Asker: 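So that we are looking at the same thing, I have put the structure below in structure tokens.
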Amino acid sequence: MTQTPSAPSSALDPKKSFQGLILTLQKFWASQGAVVLQPYDMEVGAGTFHPATTLRSLGKKPWKACYVQPSRRPKDGRYGENPNRLQHYYQFQVILKPSPDNLQDLYLQSLAAIGVDSSLHDIRFVEDDWESPTLGAWGLGWECWCDGMEVSQFTYFQQVAGVECSPVSGELTFGLERLAMYVQGVENVYDLNFNGLEGADRISYGDVFLQAEQEYSRHNFEAADTKKLFGDFERAEAECKALLAFGDRGEGKHQMVLPAYDQCVKASHAFNLLDARGVISVTERQSYILRVRELAKACGAAWMKTDGAGFAASKE
Amino acid sequence: MSDLLLELFSEEIPARMQAQAAADLKKLVTDALVERGLLYEAATALATPRRLTLHVVGLPTSQPDQREEKKGPRVGAPEAALAGFLKSSGLASLDDARIDTDKKGGQFYVAVIEKKGAPTLDVLADILPAIIKNFPWPKAMRWGAGSSEPNPLRWVRPLHAIVATFGPETEEPDIVPFEVGGVKAGNVTYGHRFMAPGAIKVRRFDDYVTKLYDAKVVLDPARRRDIILHDCKDLAFAQGLELVEDEGLLHEVAGLVEWPVVLMGAFDASFLDIPAEVIRATIRANQKCFVLRDPATGGLANKFLLVSNVVATDGGKAIAAGNGRVVRARLSDALYFWKTDQAPLPDFADQGKPLDQRLAKLRALNIVFHAKLGTQGARIVRIIEAARELAPKVGADPAKAARAAELAKADLVTEVVGEFPETQGLMGRRYAELQGEDAEVAAAIEEHYKPQGPTDRIPNAPVSVAVALADKLDTLVGFWGIDEKPTGSKDPFALRRAALGVIRIILENGLRLRLINDAFLLPFIFANSDIAKAKVQPAFDHLAAAQGALGRADENLDQAWQQYSKRIQHPISREELLAKTDQLSDLLAFLADRLKVYLRDRGARHDLLDAVFALGEDDLVLIVRRIEALDAFLKTEDGASLLAGYKRAANILKAEEKKDGAGAFEAAPNASLLTDAEEKALFAAMETATAEADSALKAENFEAAMQALSTLRAPTDAFFDKVTVNAENPEIRKNRLSLLAQLRRAIHLVADFSKIGG
């Protein structure tokens with residue numbers, strides 16, 4: 001066993017370690033009153049799918065949260081050979097309801113906290129209307145550029161799961177690998193320093209994830225059993241509907257939204273894998289998206305009848 | 001006279017919306033002012049990413065006073081009527097009313113209502129909040145805690161501050177007192193987000209512009225564009241390179257910065273192996289950067305220009321380096337796509353060469369071209385057959401045309417085109433070249449989309465022409481078949497562009513095609529035996545229409561029908577065919593219309609177009625030649641006077657046909673009933689002229705045909721001089737009118753002169 005003589009501070013330095021970047025962001029947003037959550041334990045394409053965002057952005061109750069979400073985009077697999085594209089990567093998600101008036105300033109302060117100096121770098125808000133057809137959601141905002149690199153998505157949610165957002169939430173999504181590459185000055189994601197140590201103790205992003213990228217790319221493009229996936233989709237869809245029906249109490253509080261939502265997310269991921277395998281035609285694609293959206297909308301409607309959305313409060 | 005300064009300061013406004021928003025703001029405010037009697041001298045609207053600014057100059061300080069006279073009841077009218085008058089006119093008592101006397105001596109009350117014009121400041125405070133609340137953003141949003149309140153303010157992005165001052169040039173202006181969505185109008189704005197974020201107190205436009213400039217904001221978008229273009233050219237020149245100018249990109253980047261700073265970045269020269277168009281598309285679409293040309297090689301240089309929004313403390317080194325890194329990452333993506341497209345496609349690796357594999361995938365995916373027109377796969381089959389048939393008529397090798405048509409759409413499923421749709425066609429060509437396709441075939445894959453607009457180059461190579469025509473004709477005939485035609489400004493399938501493309505390809509290449517027999521029918525040929533009757537039906541419909549609508553027995557049409565019906569699996573009877581719709585004549589009329597527009601743009605007389613179109617010709621080259629000959633002929637004395645003679649004959653016929661019925665004089669004149677020398681001479685002249693004109697027309701010599709007809713001028717003039725058409729003897733009258741009808745028919749051989757003006 002070797003001792004670790006180097007100062008542990010670099011292990012926490014957002015400019016020197018991937019983990020330091022995450023911890024700094026968590027600390028910053030925690031100090032703004034956000035609850036620091038852990039990832040959603042389901043395969044999702046983006047941090048937005050975490051119920052802490054989709055469902056919690058609905059209803060009147062104020063809500064502030066942040067969390068890291070592993071995100072899977074089966075189609076973006078590159079067998080570990082592309083320096084920037086990954087089929088599994090991390091997003092850091094912040095959701096603030098209602099959106100504070102100084103949200104842009106807070107966002108820029110969080111960039112400053114991880115070492116992005118706005119007197120040295122060109123930070124830009126470039127139009128990007130966000131829409132998630134599968135979630136029945138849309139919002140307006142920007143992709144945030146740092147020296148031409150998109151490092152975040154900034155969205156004012158207008159509608160989620162088919163429900164009008166009232167009040168509007170502000171959502172910030174940081175692409176952690178890209179941001180880390182930026183602050184560490186690294187060209188290839190696999191060269192990122194993960195733990196901030198040097199020499200034999202240095203753990204790179206590639207040490208942690210390269211093998212996974214290779215294996216999952218093979219899986220996504222070549223091996224994923226499409227027959228099973230079609231079955232997964234059907235089962236998750238049926239289960240979601242069954243659970244929503246089970247928890248439905250008519251005018252009363254809904255009793256089973258979160259487990260149903262899990263199934264909606266499962267169906268969505270099965271669809272993403274099928275899409276990556278290239279076995280869904282253009283017309284079929286549209287109908288699958290619609291089917292997932294129907295599930296998401298049903299979950300959103302059910303959520304509006306729960307404590308989480310302030311349902312009881314509005315009835316009292 | 002006073003000026004208004006209005007600034008709406010918000011979070012970043014999308015670049016593409018800024019110009020329209022500025023124009024809208026100006027129109028809405030100035031219209032509202034004028035509507036309230038407030039005329040102005042000038043107005044300017046400007047935009048940056050964070051502000052919309054309006055400057056209205058030369059407004060009066062108040063509305064003009066208004067005076068209105070309101071006629072009331074007669075003196076001594078019932079109490080109720082008088083009370084009603086007082087109420088509606090706002091007078092306190094009848095003593096305030098004037099008494100007038102009418103013509104009959106009756107007396108009645110008149111209320112004189114004088115309305116003092118309101119101060120402009122108050123009018124502004126009244127109109128501005130409503131304009132802001134109802135602003136026509138293409139997409140607007142709610143935000144913050146206020147978003148859950150009823151009727152929240154919607155703006156393109158959160159609105160943070162409003163400057164609204166009004167006053168004369170010499171004094172401290174007033175703040176227009178209003179509030180909207182919780183934002184109170186004032187005289188404070190903010191500078192550049194990073195370089196001068198502090199609050200700035202402003203008075204009027206002049207000091208506002210100066211103070212903003214000092215706070216690193218160039219307010220005028222035109223000025224920002226100038227700065228960018230100028231600096232781009234300078235930087236390029238310093239490196240011995242040329243800027244690849246891009247007007248659309250210039251407008252966009254000028255809408256992304258308040259303080260433009262142009263910097264140069266670079267990427268590894270090895271990326272220059274990627275086709276230049278892909279490099280440009282990548283750098284433009286993803287990075288909004290300009291690319292540079294190396295005059296030494298004619299190709300792209302491995303440098304690019306970016307427009308940043310800040311003067312960085314290190315002179316922009318970190319920014320240029322950062323952008324360079326992203327460009328490199330993007331280009332390695334593009335390289336990956338470019339290489340992947342040349343590699344075997346999983347699941348389709350046994351389907352031939354790389355592009356053929358993509359074609360197999362496109363077919364397997366059953367990508368729908370249009371719900372009513374089937375899949376892309378079925379469309380490709382039609383285009384292949386049409387291109388093969390068209391090939392010999394345009395001098396192309398049928399096999400090559402068919403091969404090019406087969407591969408023409410295969411690049412739609414390539415990675416590069418998926419990422420950059422604007423590279424369609426071009427990528428197909430590149431991949432075709434790489435897999436060793438014939439050079440004409442490869443070129444046709446790119447060129448079959450051409451021309452994209454009225455100024456785009458048309459394809460000339462025969463194989464390209466065949467595929468380009470086949471593609472466009474399939475689109476036109478297909479959409480006509482399902483009754484999806486352009487209406488007004490709506491043309492979602494770009495059918496006008498396709499029609500103009502067909503016209504330009506035919507005319508500018510001098511192609512001798514009969515639209516109906518050679519062009520329209522072909523898209524409906526299905527070589528494959530598995531196509532259902534329902535899909536064949538439209539072909540027959542069109543055949544039938546062609547026959548019926550043009551009202552002429554065309555041997556070619558019969559032959560074509562015979563030929564095609566053998567190849568189609570479920571032929572229907574010719575009678576059934578002929579009973580079908582007139583879609584095709586409608587499409588021909590649409591093409592004629594586009595052709596008129598095309599020719600009119602080139603200076604042709606619209607009445608001559610009508611005169612020639614009335615003949616029902618469908619060979620565009622001949623139509624144009626006939627119009628040219630006619631134009632030249634009418635400019636000669638013979639032509640002008642023949643036209644006059646024709647008009648006279650036609651007018652007489654029209655009048656007499658009203659009495660005797662249409663077509664009453666169409667029988668050939670009876671030579672034995674000709675009495676006068678002049679009518680005999682005209683009759684004889686017509687026999688010669690008609691025969692000559694006929695044979696000249698057969699030889700497509702329109703000048704000669706018109707020359708032949710011009711010999712009729714003298715006998716026609718003599719006839720009208722000496723002969724009384726409406727002779728007393730009814731038989732002779734009828735015979736003379738038949739003579740004139742024959743003259744009309746003879747002249748109609750070259751054009752329908754009744755459509756010609758003057």
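Letters A, B, ... mirror the listed sequences (proteins, then strands); counts begin at 1. As the structure is a prediction and not an experimental result, all values here were calculated from the model.
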Asker: Ignoring hydrogens and angles, state whether a donor on the side chain of A/Glu171 or A/Thr48 is under 3.5 Å from an acceptor on the partner side chain.
Answerer: yes

Asker: Need one label for B/Ala140: side chain, backbone, both or neither, based on atoms under 4.5 Å from any heavy atom in chain A.
Answerer: backbone

Asker: Give, as side chain, backbone, both or neither, the part of B/Arg154 having an atom under 4.5 angstrom from any heavy atom of chain A.
Answerer: side chain

Asker: With a 4.5 angstrom heavy-atom cut-off, could you sort out which part of B/Met17 is near chain A: side chain, backbone, both or neither?
Answerer: side chain

Asker: Contact part of B/Asn286 toward chain A, heavy-atom cut-off under 4.5 Å: side chain, backbone, both or neither?
Answerer: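 Contact with chain A involves the backbone of B/Asn286 alone.
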
Asker: Regarding A/Gln184 and A/Asn193, is there a side-chain donor-to-acceptor distance under 3.5 Å anywhere?
Answerer: no

Asker: Which pairs count as ring pair (Phe, Tyr, Trp, His ring centres under 6.0 Å) when at least one residue sits in residues 139-162 of chain B, sequence neighbours excluded?
Answerer: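 Listed once each, the pairs are B/Phe135-B/Trp155, B/Trp137-B/Trp155.
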
Asker: With B/Pro260, which of B/Leu256, B/Val257, B/Val262 fulfils side-chain contact (heavy atoms from CB on, under 4.5 Å)?
Answerer: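 Among the candidates, only B/Val257 passes.
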
Asker: Could you list which of residues 153-164 of chain A have a heavy atom closer than 4.5 Å to any heavy atom of chain B, in residue-number order?
Answerer: A/Tyr156, A/Gln158, A/Glu164

Asker: Chain B heavy atoms under 4.5 Å from A/Lys60: which part of the residue, side chain, backbone, both or neither?
Answerer: side chain

Asker: At a heavy-atom separation under 4.5 Å, does B/Lys139 approach chain A through its side chain, its backbone, both, or neither?
Answerer: both

Asker: For A/Pro83, is it the side chain, the backbone, both or neither that has a heavy atom under 4.5 Å from a heavy atom of chain B?
Answerer: side chain

Asker: Between A/Leu108 and chain B, which part of the residue has a heavy atom less than 4.5 Å away: side chain, backbone, both or neither?
Answerer: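 For A/Leu108, the side chain is the part near chain B, not the backbone.
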
Asker: Please identify, among B/Pro49, B/Pro346, B/Pro158, the residue contributing the most non-hydrogen atom pairs under 4.5 Å to chain A.
Answerer: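 Of the candidates given, the most pairs with chain A belong to B/Pro158.
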
Asker: Below 4.5 Å, heavy atoms only, C-beta onward: do A/Phe174 and A/Ser110 meet side chain to side chain?
Answerer: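 Sidechains of A/Ser110 and A/Phe174: in contact.
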
Asker: What part of B/Val307 lies closer than 4.5 angstrom to a heavy atom of chain A: side chain, backbone, both or neither?
Answerer: backbone

Asker: What is the ring orientation for A/Tyr205 with A/Phe209, classed by angle as parallel under 30°, tilted 30 to 60°, or perpendicular over 60°?
Answerer: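 Tilted: the ring planes of A/Tyr205 and A/Phe209 meet at 30° to 60°.
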
Asker: Considering only heavy atoms, which portion of B/Val327 lies under 4.5 Å from any heavy atom of chain A: side chain, backbone, both, or neither?
Answerer: neither

Asker: Answer with side chain, backbone, both or neither: which region of B/Arg142 has an atom nearer than 4.5 Å to a non-hydrogen atom of chain A?
Answerer: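 For B/Arg142, heavy atoms of backbone and side chain both lie under 4.5 Å from chain A.
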
Asker: Checking A/Phe230 against A/Phe271 for the ring-ring contact (aromatic ring centres under 6.0 Å, His included) test, could you report, in this order, the C-alpha distance in whole Å, the side-chain angles of both residues, the deciding distance, and whether it holds?
Answerer: CA-CA 8 Å; A/Phe230 279 119; A/Phe271 162 71; over 10 Å; no

Asker: Identify which of B/Ser308, B/Ala318, B/Gly322 forms the greatest number of heavy-atom pairs closer than 4.5 Å to chain A.
Answerer: B/Ser308

Asker: State, without any angle test, whether A/Tyr190 and A/Ser204 hold a side-chain donor-acceptor pair at a distance under 3.5 Å.
Answerer: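 No pair is found: no donor N or O on one side chain lies under 3.5 Å from an acceptor on the other.
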
Asker: Less than 4.5 Å to any heavy atom of chain B: does that hold for the side chain of A/Val186, its backbone, both, or neither?
Answerer: backbone

Asker: Under 4.5 Å from any heavy atom of chain B, what part of A/Asp129 do you find: side chain, backbone, both or neither?
Answerer: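 The answer is the side chain of A/Asp129.
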
Asker: Is it the side chain or the backbone of A/Asp105 that comes within 4.5 Å of chain B heavy atoms, both, or neither?
Answerer: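 For A/Asp105, the contact with chain B is made by the side chain alone.
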
Asker: Let's test your reading of the structure: which of B/Ile319, B/Asn309, B/Leu306 forms the most heavy-atom pairs below 4.5 Å with chain A?
Answerer: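 Winner by heavy-atom pair count: B/Ile319.
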
